[in-house]
Amino acid sequence: MPQNSVSVRSGATALDVYAPGHLGELTEIIDPELVDAVLEDTGVRTQRVRLLPARVVVYFVLALAFFERSPYQAVWAKLTAGLGSVPVARPCPSSLARARRRLGSGPLRHLFSILAGPVADHCQSCAFYQGLRLVAVDGTTLSAPDEEAVTWHFRKHIGRVRAFGYPLVRLVALVECGTRALVDAVFGPDDIGELAYARRLLGRLDASMLLLADAYYDAFDFLQAVQGTGARFVLRSARKRRPIVRRPLPDGSYFTAVLPRRHRARAGGQRVEARVIEAWLTVVLADGTRRTELWRLLTNLLDAERHPANDLLRLYHRRWQAETCYFSLKSTILDGRVLRSRSVPGLEQEIFALLTVYQALIRLAGDVTTATRGLSVQRVSFTVLFQAAADQIIGPGACPGQYDVVDRGYRPCRAGQPPARTSPPATEGPLPQDVQQVPVPAGPTSAHRAGVHAGLQDG
């Protein structure tokens with residue numbers, strides 16, 4: 001039989017070409033009606049019934065994210081393993097590759113845009129601060145195959161003599177804290193700055209949100225754009241910034257103004273009114289090494305009585321949940337591997353499929369917490385959820401009772417005693433055990449800030 005053909009299981013009389021179009025339990029979130037609507041919107045809906053319909057190809061591309069170590073035919077075998085005697089096609093790898101090319105990245109892009117967005121309701125206090133929804137923006141990189149069809153667009157790092165390493169894809173996401181849901185995400189070549197990608201996400205911000213970000217995002221243009229959306233921000237200031245103290249506040253913070261670098265903009269009176277919170281942080285490593293450094297936070301939450309400095313310092317630590325999101329994407333789903341697609345359109349399709357699967361799992365975790373009263377979404381193990389969803393693709397009821405997706409964080413206790421927690425409460429987002437805030441030493445410009453002191457080390 002030619003290698004570019006599609007065969008049917010022996011003895012089959014009526015081929016069910018749509019049967020492999022599923023994702024196990026996740027089909028409830030990404031259902032066939034939704035996939036068909038996406039294909040219709042993007043103009044990719046199949047005009048005639050193929051042995052590999054566009055709907056089935058969408059599910060196949062999504063299934064690739066669950067089985068990163070499996071080749072095409074093995075993934076197809078997993079999709080059809082639980083169908084029993086239902087007659088289905090048995091495509092060869094080249095047929096599946098051509099089906100991916102016919103599909104393109106448009107449907108996966110549109111599908112992700114539909115699923116993307118906040119997940120937490122106001123019962124999930126870990127995702128809110130005084131009624132404001134907490135979101136964090138940050139970036140990371142994904143490694144692509146070292147192929148000429150890829151490196152012309154996604155370039156490698158360039159050293160003094162030659163390029164080295166894998167081609168890199170820059171991914172920047174807006175993440176809901178607490179649930180770690182993707183509000184939105186953009187990606188492209190690594191030689192474009194992270195801040196440029198972040199600006200493309202600002203349309204998802206509104207007055208109900210509080211943005212947390214690292215030091216790289218304290219540029220005047222970005223802060224002005226964030227403020228223009230009505231959102232609040234708390235972000236770390238770069239070390240090179242030397243804010244001018246305009247008025248000290250009782251909690252040790254002070255008012256300042258962030259000015260543009262351009263002379264014309266300065267002359268036009270453009271500025272962002274901000275409040276600065278300074279604190280010395282001491283980091284104690286496992287070997288006893290101690291490192292102390294000054295941190296500055298910039299915020300447009302100007303009311304020091306309503307938003308005390310200590311509260312915002314605690315709050316800023318939740319920014320690291322964006323890193324947890326990337327860990328789930330790169331380590332749990334990708335398992336640290338290089339992306340499999342060997343062309344730019346294929347990589348775009350694969351990354352949108354990766355983001356779609358991640359967001360579907362987060363929404364499934366939200367359903368678990370909704371059905372379980374009093375359960376925080378931070379107690380749901382993403383690793384266990386991912387593995388359980390993968391097993392359900394192979395067959396309904398696979399490994400029944402093997403998984404408990406709730407990471408309860410408790411250890412056994414004696415009768416009559418409350419359970420002892422082995423990890424900090426999900427709603428508080430405390431600093432790590434080896435980081436604590438110490439007072440700012442008094443000096444000519446910092447004596448009024450010495451009150452910024454709080455025992456943030458949770459015992």
Side-chain angles (χ1 to χ4, degrees), residues 109 112-113 116 134-144 150-159 163-177 180-205 209-229 231-241 258 260-262 272 274 295-300 316-331 334 336 338-339 344 347-348 350-352 354-355 358-359:
R109 181 198 303 268
F112 170 68
S113 68
L134 296 175
V135 294
V137 63
D138 206 350
T140 189
T141 56
L142 303 173
S143 297
V150 172
T151 54
W152 71 268
H153 186 65
F154 298 114
R155 303 187 183 279
K156 304 179 182 181
H157 280 304
I158 300 178
F164 61 92
Y166 284 105
L168 295 178
V169 181
R170 172 66 62 182
L171 171 67
V172 179
L174 187 64
V175 180
E176 181 184 44
C177 298
R180 300 185 293 278
L182 292 171
V183 180
D184 203 354
V186 294
F187 61 87
D190 185 49
D191 52 5
I192 298 177
E194 190 172 307
L195 203 57
Y197 288 116
R199 290 190 179 97
R200 294 164 54 183
L201 300 173
L202 294 181
R204 300 303 299 267
L205 295 177
M209 295 180 176
L210 172 58
L211 177 68
L212 308 178
D214 202 2
Y216 185 76
Y217 296 88
D218 69 338
F220 169 80
D221 292 344
F222 185 77
L223 295 181
Q224 188 181 49
V226 171
Q227 189 151 284
T229 66
R232 312 299 198 277
F233 62 79
V234 176
L235 51 83
R236 185 180 171 191
S237 174
R239 294 183 179 181
K240 62 182 180 181
R241 187 180 293 280
V258 181
R261 292 183 178 181
R262 300 185 302 274
V272 174
W295 275 37
R296 291 190 183 94
L297 299 185
L298 286 175
T299 180
N300 58 353
Y316 180 74
H317 178 58
R318 301 195 197 181
R319 183 195 72 79
W320 282 94
Q321 294 188 20
E323 303 290 350
T324 307
C325 166
Y326 290 142
F327 182 85
S328 298
L329 284 167
K330 299 169 66 174
S331 296
L334 282 176
V338 176
L339 297 169
V344 172
L347 285 169
E348 292 175 350
E350 181 179 355
I351 294 173
F352 278 121
L354 176 69
L355 298 175
Y358 173 86
Q359 184 70 2

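For clarity, every value in this text was computed on a predicted model and none was experimentally measured.
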Asks: Quick one, Leu339 with Ile351, criterion side-chain contact (heavy atoms from CB on, under 4.5 Å). Give me CA distance, side-chain angles, the key distance, then yes/no.
Replies: CA-CA 8 Å; Leu339 297 169; Ile351 294 173; 3.9 Å; yes
Asks: If you take all heavy atoms of Val135 and Glu176, which pair is closest and at what distance?
Replies: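 Minimum heavy-atom contact is CG1-CA, 4.2 Å.
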Asks: In terms of the angle between their ring planes, are Phe112 and Phe352 parallel, tilted or perpendicular, with boundaries placed at 30° and 60°?
Replies: tilted
Asks: With side chains defined as the heavy atoms from C-beta onward, is the minimum distance between Asp190 and His157 less than 4.5 Å?
Replies: yes
Asks: Could you check whether any side-chain heavy atom of His153 comes within less than 4.5 Å of a side-chain heavy atom of Pro189, counting everything from C-beta outward?
Replies: yes
Asks: Let me confirm one number: the CG-CE distance from Leu134 to Met209, rounded to the nearest 0.5 Å.
Replies: 10.5 Å
Asks: Any heavy-atom pair between the side chains of Leu142 and Leu329 that's under 4.5 Å?
Replies: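 Counting from C-beta outward, Leu329 and Leu142 never come under 4.5 Å.
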Asks: Determine, step by step, whether Asp184 and Arg200 satisfy the side-chain contact (heavy atoms from CB on, under 4.5 Å) criterion, reporting the C-alpha distance in whole Å, the side-chain angles of both residues, the deciding distance to 0.1 Å, and the verdict.
Replies: CA-CA 10 Å; Asp184 203 354; Arg200 294 164 54 183; over 6 Å; no
Asks: For the CG atom of Leu212 and the OG1 atom of Thr299, what is their distance to the nearest 0.5 Å?
Replies: 9.5 Å
Asks: Can you name the closest pair of heavy atoms from Phe154 and Pro167 and give their distance?
Replies: O-CB, 3.0 Å
Asks: Under a 4.5 Å cut-off applied to non-hydrogen side-chain atoms, are Leu168 and Ser143 in contact?
Replies: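 Yes, side chains in contact.
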Asks: State, yes or no, whether a side-chain contact exists between Asp214 and Arg319 at a heavy-atom distance under 4.5 Å.
Replies: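 Answer yes - side chains close enough.
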Asks: What is the minimum heavy-atom distance between Asp138 and Tyr217, and which atoms define it?
Replies: CA-OH, 3.6 Å
Asks: With a cut-off of 6.0 Å (strictly less than), are more than 12 heavy atoms of other residues, nucleotides or ligands near CH2 of Trp320?
Replies: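 Not buried by this count: 12 neighbours or fewer within 6.0 Å.
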Asks: Rounded to the nearest 0.5 Å, how far does CG of Leu211 lie from CG of Leu201?
Replies: 10.0 Å
Asks: Could you tell me whether the side chain of Asn300 reaches within less than 4.5 Å of the side chain of Leu223, counting heavy atoms only?
Replies: no
Asks: Going by heavy atoms in the side chains, are Val272 and Phe233 under 4.5 Å from each other?
Replies: yes
Asks: Stepwise, does the side-chain contact (heavy atoms from CB on, under 4.5 Å) test hold for Leu202 with Phe222?
Replies: CA-CA 9 Å; Leu202 294 181; Phe222 185 77; 3.8 Å; yes
